[in-house]
J.: 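Encoded as structure tokens, here's the structure I'll be asking about.
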Amino acid sequence: MAKRIGILTSGGDCPGLNAAIRGVAKVIYEKFNSAEIIGVEDGYRGLIEGDWHKVEKKDLSGILTLGGTILGTSRQPFKLMEKIEKDNVDKVSEMIRNYEKMRLDCLVTLGGNGTHKTANLLSQKGLNIIGLPKTIDNDIFGTDITFGFHTAVDIATEAIDRVHTTADSHGRIMIVEIMGHKVGWLNLYAGIAGGADIIIIPEIPYDIDSIIEAVKKRDRDGKNFSIIAVAEGAINKKEAKMGKKDFKQHRESMSYYSVSHRIASKLQEKVENDVRVVIPGHIVRGGSPSPYDRILATRFGVHAAMMIQKKIYGRTVALKGSDITDNNLSDIAGKLKSVPKYSEMVKGAKALGINFGE
Ligand code: F6P
């Protein structure tokens, strides 16, 4: 049985990180009195720079419901991990050196896509790694759901609900921009749950004329307000044809604060109603996890502890249907789980009359 288990949380935080830490650590402490949990501070930064502390049993009290992460987190871009920068630090060697210095038997990494890429790299370098998939974006390959996602759906839905009533009162077009990075899961779920009239996701590039027509049609049908849920990563049809470099240049040359402001400005030229933009932003990532996420994160944590007990490494925990399972890190790292354009959910939403700006 592993005696010293490291845990780190990396990338953007999300609700459920503490519940997952607690899930792993409680099982380990329950089963093995002599085991020690080492909390690596601020994600891979702490592993590179050698900042850690012991996570005592008492540190686990009251954290099931606590948002954020008791270990701290940071963004350490994967593309820079193997690059020697100005500070001359060989980050990968430092991480391996600190893993050994901490005398770890294994390291549990809680994170999203970037975190999993680095976890896979460390695993290939010979470290014993177990991943746990967290992110509000729900874009990790190989798992149906990541923890943090459903809490964010709840909060984003409430944002849309609240905007709904004020849009109705004023006869306005309200655009709610929802996080989700390059995928549309969060916006799709919250948009459907919040009864959005138009849902724009990156997987279905939009045509502004289609959005304008959808708003005008609602007006003709006697609805003088509209709710448009826009994923922060939304792109239009022209942008979808651009290469990565051209797209970056094109976006940098634009003066809009975000994609919603750009849609709002085009829309406002064509409709009578006032158009407003609401961006909940990081609010959807903050605060206490929902019961769903507390349970999912706990189940993931417990599964990871069982893997540690069986010395199963180089894998990341996943939800498949209603079962908790695990995948090879090398099979999922670097792959993005996008919304399938022809999924039942998208087709169902269309059948309801929701416009996707096509
Ligand atoms: O990955 C989670 C996420 O909230 C994305 O939805 C969003 O694009 C990004 O992180 C925001 O990053 P930051 O917290 O660094 O501003």
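Whatever order the structure lists them in is the order used to number ligands and atoms, beginning at 1. The residues of the chain are indexed from 1 along the displayed sequence. Below, each value reflects all heavy atoms present in this structure, side chains not excepted, and no hydrogens, waters or symmetry copies.
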J.: Which residues pass the side-chain contact (heavy atoms from CB on, under 4.5 Å) test with I84, not counting sequence neighbours?
T.: N88, D90
J.: Parallel, tilted or perpendicular: which fits the ring planes of H261 and Y257, with parallel below 30° and perpendicular above 60°?
T.: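 The rings of H261 and Y257 stand perpendicular, inter-plane angle above 60°.
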J.: Can you list the steps and then say if F225 with H164 is a ring-ring contact (aromatic ring centres under 6.0 Å, His included)?
T.: CA-CA 9 Å; F225 75 94; H164 222 130; 5.7 Å; yes
J.: Between D139 and V183 (side chain of the first, backbone of the second, donor and acceptor by atom type, cut-off under 3.5 Å), is there such a pair?
T.: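 A pair under 3.5 Å: no.
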J.: Under a 4.0 Å heavy-atom cut-off, what residues line ligand 1?
T.: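 Within 4.0 Å of ligand 1, protein side: R75, I136, D137, M179, G180, H181, E232, H282, R285.
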J.: Return yes if some donor-acceptor pair links the side-chain N/O of Q268 with the main-chain N/O of N273 below 3.5 Å, else return no.
T.: yes
J.: So, the side chain of K337 versus the backbone of T143: is there a donor-acceptor pair under 3.5 Å, distance only?
T.: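 Yes; judged by distance alone, with no hydrogens or angles, the pair exists.
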